[in-house]
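For ligands, and for the atoms within them, numbers begin at 1 and follow the listed sequence. Just so you know, these numbers come straight off a predicted model, no measurement behind them.
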Amino acid sequence: MQNFKWQRIVLKVGSALIAPEQNGCSSRYLLSIAQFIVRCRAQGIEVILVSSGSVAAGSHLFPADKVRSVAMKKAMAAAGQTEMMAAWDRFFDFPSAQILLTHGDLRDRERYKSIRETIFTLLDHGVLPIINENDTVTTDDLRVGDNDNLSAMVAGAADADALMICSDVDGLFDKNPNLHTDAVLLPEISKIDESIYAMAGCATSAVGTGGMKTKIEAAEKATSHGITTFILNGFKEQTFNRLLEGENPGTIFLPYEKPMQEAIHWRTHTASEQGELVVEGSFTEPLDKNSEQLNPHEIVEVRGEFAVGDTILVRSDDGTKLAKARANYSSCLLNFIAENESTEFSDEVQDSIGPIISDEDIAVLEKS
Ligand SMILES: Nc1ncnc2c1ncn2[C@@H]1O[C@H](COP(=O)(O)OP(=O)(O)O)[C@@H](O)[C@H]1O
Ligand SMILES: N[C@@H](CCC(=O)OP(=O)(O)O)C(=O)O
């Protein structure tokens, strides 16, 4: 028996729970999840719902006998999203709000802060945020691609205490339980490493995206921010009763004892790098204390094209990933000053613009 004390939770619901027959939305499994949301709110726990299912819900509106192009899947998402919102709304006598996001929104620091403020304002006014990826507008470059990772980014943005990923299996098993009858459920994970990822297989349902791999990635993102993460079976009503009784009905991933601060967590797990700065190997530790000392002649290579404000990966010349940082210079200007032999010129530029990377906007990475 555990004693859970949550103030704010993010509940992620997979497609198989929304549209088990891919024939519009079904209330079959949503009722017990909706009741859980109502009971949490009655106990003063704030809830944010991340709901998949728009593609599966919209599927029945399009011919099944044709190959489904990307454009058709986007159309299914657009049509299914309204069905999915309507399906949730039927259960609640409080208002809900739809938020559709892409990775392009979350990795931009200003838009990320704006999303945070909107979520907090909705919660302050008793409105249930229902979040999904904005599948209709995403491109390969802009998408998160799966709602497990999206829900972990949302949990970080919302300062949640717990992330509950509701799926079609009881939790994480040592191998895929849909393929191996002897698979064993792992009730508690205290450290996520390669051995945990090695157990994760792909989705086996027609509607799921990412399988267990993306759920473990989500758990890693969330627990490093101090957010307890669960993988749960959303098909079973008892899952939610047990949670409310303080029991773990699935797999619990314990939070890091020393969670990352919000800005560092965002830079590490949500912002994606637009380019790379390869620096001399001598320029290493402690990077978060001496990053401002980086001088242009220690730059070995500028990779990719990036603008001021983008996130860049700082790598040492032996290939080690050192940090993710805010680019205070565009790739174009950095190339120019790195190639210019004159120290006087680079000093002048730095006097006017400031350091190439700043101690305030850097997330040092574990060496890899
Ligand atoms: N080690 C594992 N433990 C549990 N499930 C696993 C494992 N490896 C692969 N899976 C698969 O992951 C699926 C859940 O992921 P997915 O279909 O993407 O669900 P959702 O739609 O809820 O996100 C399970 O149905 C199962 O087939
Ligand atoms: N954004 C997509 C869901 C993508 C996704 O991650 O699905 P799932 O693995 O079922 O959580 C949709 O609404 O259909």
Side-chain angles (χ1 to χ4, degrees), residues 10-20 22 24-25 29-30 33 49-62 68 70 72-85 87-88 98-103 130-138 142-154 163-187 189 192 195-219 230-236 239 250-251 253:
V10 172
L11 193 66
K12 185 259 167 176
V13 177
S15 304
L17 298 164
I18 310 278
Q22 294 183 65
C25 293
Y29 303 113
L30 300 194
I33 301 174
L49 181 60
V50 174
S51 182
S52 297
S54 65
V55 175
S59 169
H60 69 110
L61 300 170
F62 298 85
R68 287 179 158 171
V70 173
M72 194 181 281
K73 284 190 185 149
K74 287 179 179 225
M76 281 155 60
Q81 180 67 24
T82 52
E83 288 199 26
M84 186 250 277
M85 285 300 292
W88 282 117
Q98 168 180 278
I99 304 181
L100 296 175
L101 300 173
T102 66
H103 195 230
I130 305 183
I131 302 178
N132 192 4
E133 180 138 42
N134 195 352
D135 295 306
T136 307
V137 303
T138 50
L142 286 181
R143 69 162 60 95
V144 178
D146 68 89
N147 276 358
D148 300 318
N149 277 292
L150 179 77
S151 65
M153 292 177 194
V154 166
L163 168 63
M164 297 167 185
I165 299 178
C166 301
S167 188
D168 57 359
V169 281
D170 286 348
L172 175 68
F173 288 71
D174 61 348
K175 49 197 157 193
N176 189 337
N178 289 332
L179 303 177
H180 303 274
T181 48
D182 61 341
V184 177
L185 177 70
L186 305 171
I189 308 286
I192 298 173
S195 68
I196 302 296
Y197 277 103
M199 297 172 194
C202 307
T204 46
S205 78
V207 289
T209 305
M212 274 297 137
K213 179 172 174 277
T214 49
K215 289 174 187 37
I216 296 171
E217 287 169 357
F230 296 85
I231 300 178
L232 304 164
N233 194 331
F235 284 146
K236 296 182 178 169
T239 296
T251 301
F253 294 83

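Under 4.0 Å from ligand 1, the heavy atoms of Lys175 that appear belong solely to its backbone.
The option from Asn176, Asp148, Asp146 that lies nearest to atom 9 (C) of ligand 1, judged by heavy atoms, is Asn176. Atom 11 (C) of ligand 1 has its nearest heavy-atom neighbour, among Cys202, Gly211, Gly201, Gly234, in Cys202.
Listed for the Arg68 side chain is a donor-acceptor partner under 3.5 Å among the backbone atoms of Phe62.
In terms of polar-atom proximity, Glu133 is not counted as a contact of ligand 2, lacking any N or O under 3.5 Å from an N or O of the ligand. Backbone and side-chain nitrogen or oxygen atoms of Asn178 are examined, and one is located within less than 3.5 angstrom of a nitrogen or oxygen of ligand 1. Considering backbone and side-chain atoms together, Ala16 places no N or O closer than 3.5 Å to any N or O of ligand 2. Among the atoms of Asp146, none of the N or O lies under 3.5 angstrom from an N or O of ligand 2.
By the ring pair (Phe, Tyr, Trp, His ring centres under 6.0 Å) test, Tyr29 pairs with Phe235, sequence neighbours left out. Here Leu100 pairs with Gln81, Gln98, Asn132, Asn134 under the side-chain contact (heavy atoms from CB on, under 4.5 Å) rule; sequence neighbours left out.
If you check which protein heavy atom lies closest to atom 6 (C) of ligand 1, you get Met212 CG, 3.2 Å.
Close approach to Lys12 involves these atoms of ligand 2, each under 4.0 Å from a residue heavy atom: 8 (P), 11 (O). Of all the atoms in ligand 2, the ones that sit under 4.0 Å from a non-hydrogen atom of Asn132 are 1 (N), 12 (C), 13 (O).
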